[in-house]
Amino acid sequence: MIHGHLHTPDTFAPLLLHPVWKEAFEFLKGLPAQPAKGIRPIRGEDMYVNVMEYATLPREQCHFESHRKYVDLQYTITGSEVIEWRRSGELETAGRYDEAKYLQFFRLAKAPTRVHMPPGYFAIFYPSDAHLPKVADGVNSSVYKLVVKVGLHLLNGV
């Protein structure tokens, strides 16, 4: 998991050496103030963005998840949430892997790391990073955010 702020580029400068991450961060920097909700391609299904808004929830109503085919670059536009993080190998699986959504849910076995996501912050979650989004932070009751889904094969040169 990588966490930083879009306006503090020294926190993610090494990522920009890879052309895919450079493209993803240039996309974020070029966003309008209120991008339209929905899914739009950046590189077709290899890299796309999902802009969404949802009410945050009490922690016990949220679920740990990870993705096998994609890396998530989650970015907060307005509002805020907490995302909890744990290495997926340290959690127990909860149900079968959903091939259609490229999604695996988990049950918490050890205390997680809590990442606060106010506007301008991003977090990157690789397949080994189980993450629990949508957690209310006690400040805002909703979050307007986007997730850039980056095909793992683009980063591995496959």
Side-chain angles (χ1 to χ4, degrees), residues 1-18 20-21 24-25 27-29 31 35 37 39 42 47-156:
M1 192 263 308
I2 299 169
H3 182 243
H5 193 282
L6 190 60
H7 298 297
T8 313
D10 58 321
T11 61
F12 59 91
L15 292 175
L16 301 180
L17 298 174
H18 194 292
V20 172
W21 284 125
F25 279 97
F27 174 84
L28 289 181
K29 290 177 187 175
L31 280 175
K37 294 177 198 169
I39 298 173
I42 297 172
M47 183 164 56
Y48 62 92
V49 63
N50 186 4
V51 179
M52 64 193 86
E53 183 173 25
Y54 52 79
T56 55
L57 302 168
R59 190 210 176 277
E60 58 274 4
Q61 294 179 25
C62 302
H63 304 282
F64 270 97
E65 61 185 55
S66 73
H67 314 283
R68 294 181 188 170
K69 187 176 175 182
Y70 291 97
V71 176
D72 278 5
L73 168 54
Q74 300 199 17
Y75 175 75
T76 304
I77 301 166
T78 61
S80 58
E81 69 181 332
V82 168
I83 300 177
E84 294 187 2
W85 169 84
R86 196 81 200 159
R87 214 173 50 78
S88 59
E90 298 171 341
L91 301 176
E92 300 172 15
T93 58
R96 296 178 53 138
Y97 179 73
D98 185 334
E99 290 285 344
K101 295 182 180 179
Y102 309 108
L103 178 67
Q104 173 70 59
F105 287 116
F106 294 90
R107 282 192 270 303
L108 183 62
K110 295 182 178 181
T113 298
R114 294 176 52 88
V115 179
H116 190 227
M117 296 287 292
Y121 279 85
F122 69 87
I124 298 174
F125 299 101
Y126 282 81
S128 60
D129 296 318
H131 50 286
L132 184 135
K134 300 184 180 181
V135 179
D137 68 354
V139 178
N140 292 286
S141 60
S142 66
V143 64
Y144 187 60
K145 67 186 272 189
L146 63 79
V147 179
V148 176
K149 302 292 261 185
V150 179
L152 188 58
H153 67 282
L154 294 176
L155 300 171
N156 292 337

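- Nearest approach of A136 to V82, heavy atoms of both residues: O-CG2, 4.4 Å.
- Ring orientation note: the planes of F25 and F12 are close to parallel, at an angle under 30° on the 30°/60° scale.
- With hydrogens and angles disregarded, no donor-acceptor distance shorter than 3.5 Å links the side chain of N156 to the backbone of H153.
- Applying the salt bridge (Lys or Arg N to Asp or Glu O under 4.0 Å) test to pairs two or more places apart or on separate chains, those with a residue in residues 60-72 are D72-K149.
- Annotation: side chain of I83 is in contact with side chain of F125 (closest heavy-atom distance under 4.5 Å).
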Using the rule given for side chain to side chain contact (heavy atoms under 4.5 Å, CB included), can you reason through I39 versus V49, listing the C-alpha separation, both sets of side-chain angles and the distance that settles it, and then say yes or no? CA-CA 6 Å; I39 298 173; V49 63; over 6 Å; no
Worked check of side chain to side chain contact (heavy atoms under 4.5 Å, CB included) between L31 and K29: CA-CA 6 Å; L31 280 175; K29 290 177 187 175; over 6 Å; no
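- Rounded to the nearest 0.5 angstrom, E84 CD and F64 CZ are separated by 5.0 Å.
- Considering only residues two or more places apart in sequence or on other chains, D137 meets the side chain to side chain donor-acceptor pair (under 3.5 Å) condition with S80, H116.
- Aromatic rings of Y70 and Y48 (six-membered ring for Trp) have centroids within the 6.0 Å cut-off, being under it.
- With contacts defined as side-chain heavy-atom distances shorter than 4.5 Å, the pair D129/S66 does not qualify.
- A 4.5 Å side-chain heavy-atom check between F27 and V148 finds at least one atom pair inside the cut-off.
- Nearest heavy atoms, T11 versus T8: OG1-O, 2.8 Å.
- Looking only at side-chain heavy atoms (C-beta outward), Y121 and Q74 stay at 4.5 Å or farther from each other.
- With hydrogens and angles disregarded, a donor-acceptor distance shorter than 3.5 Å links the side chain of T56 to the backbone of S141.
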Would you check, one step at a time, whether the test side-chain hydrogen bond (donor to acceptor under 3.5 Å, both in side chains) holds for Y54 with E81? CA-CA 10 Å; Y54 52 79; E81 69 181 332; 2.7 Å; yes
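- Between atom NZ of residue K37 and atom CG of residue L146 there is a gap of 13.0 Å, rounded to the nearest 0.5 Å.
- A salt bridge is defined here as a Lys NZ or Arg NE, NH1 or NH2 lying under 4.0 Å from an Asp or Glu carboxylate O, and E53 with K145 fails to meet this definition.
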Could you walk me through whether H3 and F122 pass side chain to side chain contact (heavy atoms under 4.5 Å, CB included), step by step? CA-CA 6 Å; H3 182 243; F122 69 87; over 6 Å; no
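- Residues forming a ring-ring contact (aromatic ring centres under 6.0 Å, His included) with Y75 (at least two apart in sequence, or on another chain): none.
- Side-chain contact between H18 and L16: absent, with no pair of heavy atoms (C-beta onward) separated by less than 4.5 Å.
- Taking the side chain as every heavy atom from C-beta outward, H67 and H131 approach each other to under 4.5 Å.
- At least one side-chain heavy atom of T76 sits less than 4.5 Å from a side-chain heavy atom of V143.
- Separation of atoms CZ (R59) and NZ (K134) is listed at 14.5 Å; rounding is to 0.5 Å.
- You'll find the side chain of P127 reaches within 4.5 Å of the side chain of V71, heavy atoms only.
- The CG atom of L132 sits 8.5 Å away from atom NE2 of H63, with the distance rounded to the nearest 0.5 Å.
- Expressed to the nearest 0.5 Å, how far CG of L73 lies from CE of M47 amounts to 9.5 Å.
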